[in-house]
Amino acid sequence: TITYITAIDCFCKLDEMNAAERSQRTIDRMVRLYGKGLGHVRPSRIVFNSLINAWSRSPNKGRAAAKKAEDIFKWMEQQYREVGDYIVKPDEVTLCGVLNAWANNPEKGGARRAQQILDHMESMTTAERGFQHTTICHNIVIKAWGRSREPDAVKQAERILTRLEKKWVAKGDDSLKPDVTTYSSVINCCAYYAGSNSDGNSASQGQREAFEVAMRTFRKLCDSTSAKPNNITYGTLFKAIAKLTPMNEEREDLIRKL
């Protein structure tokens, strides 16, 4: 198992353009050799997680790579839920790999697909899912929205943050507690706002709404008892201010205060 995982890691580091295909051929060979009873080990979850990671990092395959990563995840999920195959039972690393695959292809619906997958997983109980998911998955989807240039990206990113806050308060589950990355990623999404708002209003009104979300999110982080702004938070907030507000004395005052 270590041999095959190391090979995939080498492909990703040294042959980025062909890593996914080489990784897929390698694991396909591993499956064939195991099936022939030649003493080879059976591919386990960690092997398929490495394969999904290779597809998620494929820079030249676009949506096809993300779809391939998702297909592997669906197969693993099916094997566990229908056959009870624990050796390929997905975990949070599997889910994050698939979400990253779509986040790395955010335009043309990639962010929306990542959101759909996350929503589907959240609709299940932990027992049905087979693993506990954390804030990390949500941070990846917020990142995807920030890259998507979708008109409702800011609204979607804030919705994820609000949902996490409510779950944390309701359940007291620290694994779903928003962290500095969550808040900073929402602000970053605002900084990359593009186009009109989701209600069809003017671009200038959409910019004002995005700016309000950025400032609201920043204030939440400042008031948080569990996380505080860092250098990345301030960098993304300054970027949002520069992108979303007119150059006037009010902006100068705000920048000076920050």
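Since the structure is predicted, the reported quantities are computational estimates derived from the model, not experimental observations.
Heavy atoms from other residues, nucleotides or ligands lying under 6.0 Å from CD1 of Ile232 number 12 at most. Heavy-atom neighbours of Lys228 NZ from other residues, nucleotides or ligands within 6.0 Å: above the threshold of 12. Residue Ile2 places its CD1 atom among 12 or fewer non-hydrogen atoms of other residues, nucleotides or ligands, all under 6.0 Å distant. Atom NZ of Lys67 sits in a sparse spot, with 12 or fewer heavy atoms from other residues, nucleotides or ligands closer than 6.0 Å. More than 12 heavy atoms of other residues, nucleotides or ligands sit less than 6.0 Å from atom CD of Glu128.
Salt bridge present: Lys220 and Glu165 bring a charged side-chain N and a carboxylate O closer than 4.0 Å. At a threshold of 4.0 Å, the pair Glu16-Arg57 does not count as salt-bridged, since none of the basic side-chain nitrogens sits closer than that to a carboxylate oxygen. Between Asp28 and Arg25 no salt bridge is recorded (no basic side-chain N to carboxylate O distance below 4.0 Å). The residues Glu122 and Arg129 are annotated as not salt-bridged, no charged nitrogen and carboxylate oxygen being separated by less than 4.0 angstrom.
Ile27 has its side chain within reach of Ile8: a pair of non-hydrogen atoms, C-beta onward, lies under 4.5 Å apart. With contacts defined as side-chain heavy-atom distances shorter than 4.5 Å, the pair Leu237/Met215 qualifies. Taking 4.5 Å as the limit, every side-chain heavy atom of Val93 sits out of range of all side-chain heavy atoms of Arg45. At a threshold of 4.5 Å between non-hydrogen side-chain atoms, the residues Gln156 and Gln115 count as touching. The side-chain heavy atoms of Met76 and Asn49, taken from C-beta on, include a pair separated by under 4.5 Å. Under the 4.5 Å side-chain criterion, counting only non-hydrogen atoms from C-beta, Arg63 is not in contact with Arg113. Side-chain contact between Leu95 and Leu99: present, with at least one pair of heavy atoms (C-beta onward) separated by less than 4.5 Å. Contact annotation: the side chain of Pro229 never approaches that of Val180 to less than 4.5 Å [non-hydrogen atoms, C-beta and beyond].
A donor-acceptor contact closer than 3.5 angstrom is absent between the side chains of Glu252 and Asn248. For the 3.5 Å distance criterion, the side chains of Asn188 and Ser185 fail to qualify, holding no donor opposite an acceptor. Remark: the Thr233 side chain and the Ser184 side chain contain an N/O donor-acceptor pair separated by less than 3.5 Å. Side-chain contact of Thr6 with Asp9: a donor-acceptor pair under 3.5 Å is absent, judged by distance alone. Looking only at atom types and distance, the side chain of Tyr192 has no donor-acceptor partner in the side chain of Lys243 under 3.5 Å away. Side-chain contact check for Asp179 and Thr182: at least one donor-acceptor pair (N or O, by modelled atom type) lies under 3.5 Å. Checked by atom type, the side-chain pair Thr217/Glu158 shows no donor-acceptor distance below 3.5 Å.
Residues Met247 and Leu254 do not share a hydrophobic cluster, defined by chaining ILVMFWY side chains whose heavy atoms lie under 4.5 Å apart. Cluster annotation: Phe131 is connected to Val141 through the hydrophobic network of ILVMFWY side chains, with a link wherever side-chain heavy atoms come within less than 4.5 Å. With hydrophobic clusters built from ILVMFWY side chains whose heavy atoms lie under 4.5 angstrom apart, Tyr80 does not share a cluster with Phe48. Under a hydrophobic clustering in which Ile, Leu, Val, Met, Phe, Trp and Tyr are joined whenever their side-chain heavy atoms come within less than 4.5 Å, directly or via other members, Ile52 and Ile46 fall into the same cluster. Residues Met30 and Val88 are members of one and the same hydrophobic cluster, defined by side-chain heavy-atom contacts under 4.5 angstrom among Ile, Leu, Val, Met, Phe, Trp and Tyr.
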Step by step, would you call Asn100 with Lys143 a side-chain contact (heavy atoms from CB on, under 4.5 Å)?
CA-CA 9 Å; Asn100 262 319; Lys143 176 183 71 174; 2.9 Å; yes
Derivation and outcome, ring-ring contact (aromatic ring centres under 6.0 Å, His included), residues Phe218 and Tyr234
CA-CA 9 Å; Phe218 176 70; Tyr234 281 101; 5.6 Å; yes
Determine, stepwise, if the pair Val98 / Ser56 fulfils side-chain contact (heavy atoms from CB on, under 4.5 Å).
CA-CA 7 Å; Val98 176; Ser56 74; over 6 Å; no
Working note: Lys155 + Asp152, criterion salt bridge (Lys or Arg N to Asp or Glu O under 4.0 Å); need CA distance, chi angles, decisive distance, verdict.
CA-CA 5 Å; Lys155 178 184 288 187; Asp152 62 339; over 6 Å; no
With salt bridge (Lys or Arg N to Asp or Glu O under 4.0 Å) as the criterion, how do Asp173 and Lys167 come out once you've worked through the C-alpha distance, each side chain's angles and the decisive distance to 0.1 Å?
CA-CA 8 Å; Asp173 186 352; Lys167 285 189 175 183; over 6 Å; no
For Trp168 and Asp174, what are the C-alpha separation, side-chain angles and deciding distance, and is it a side-chain contact (heavy atoms from CB on, under 4.5 Å)?
CA-CA 7 Å; Trp168 178 45; Asp174 284 349; 3.2 Å; yes
Test side-chain contact (heavy atoms from CB on, under 4.5 Å) on Lys177 and Leu164 and set out the steps.
CA-CA 7 Å; Lys177 179 173 62 178; Leu164 278 175; over 6 Å; no
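Heavy atoms only, all atoms of each residue included: Ser23 and Ala54 are closest at OG-CB, 3.6 Å. Of all non-hydrogen atoms in His138 and Ile160, the two that sit nearest each other are CB-CG2, 3.8 Å. Between Pro43 and Val47, the shortest heavy-atom contact is CB-CG1, 4.2 Å. Here the closest non-hydrogen pair linking Pro151 and Tyr193 is O-CE1, 4.2 Å.
From Ile187, atom CD1 reaches atom OG1 of Thr236 across 5.0 Å, with rounding to the nearest 0.5 Å. To the nearest 0.5 Å, atom CG of residue Leu161 and atom CG of residue Asn139 are 9.5 Å apart. The CD atom of Gln78 lies 9.5 Å from the CZ atom of Arg81; values are rounded to the nearest 0.5 Å. Between atom CD1 of residue Ile136 and atom OG of residue Ser175 there is a gap of 10.0 Å, rounded to the nearest 0.5 Å. Between atom CD1 of residue Ile140 and atom SG of residue Cys96 there is a gap of 4.0 Å, rounded to the nearest 0.5 Å. How far OG1 of Thr26 is from CZ of Phe11: 4.0 Å, rounded to the nearest 0.5 Å.
Judged by distance alone, with hydrogens and angles left aside, the side-chain atoms of Ser148 form a donor-acceptor pair with the main-chain N or O of Trp145 at under 3.5 Å. At distances below 3.5 Å, at least one donor-acceptor pair connects side-chain atoms of Arg251 with backbone N or O atoms of Thr245.
When each of Trp102, Trp55, Trp75 is paired with Glu70, the side chain to side chain donor-acceptor pair (under 3.5 Å) condition holds for Trp102 and for no other.
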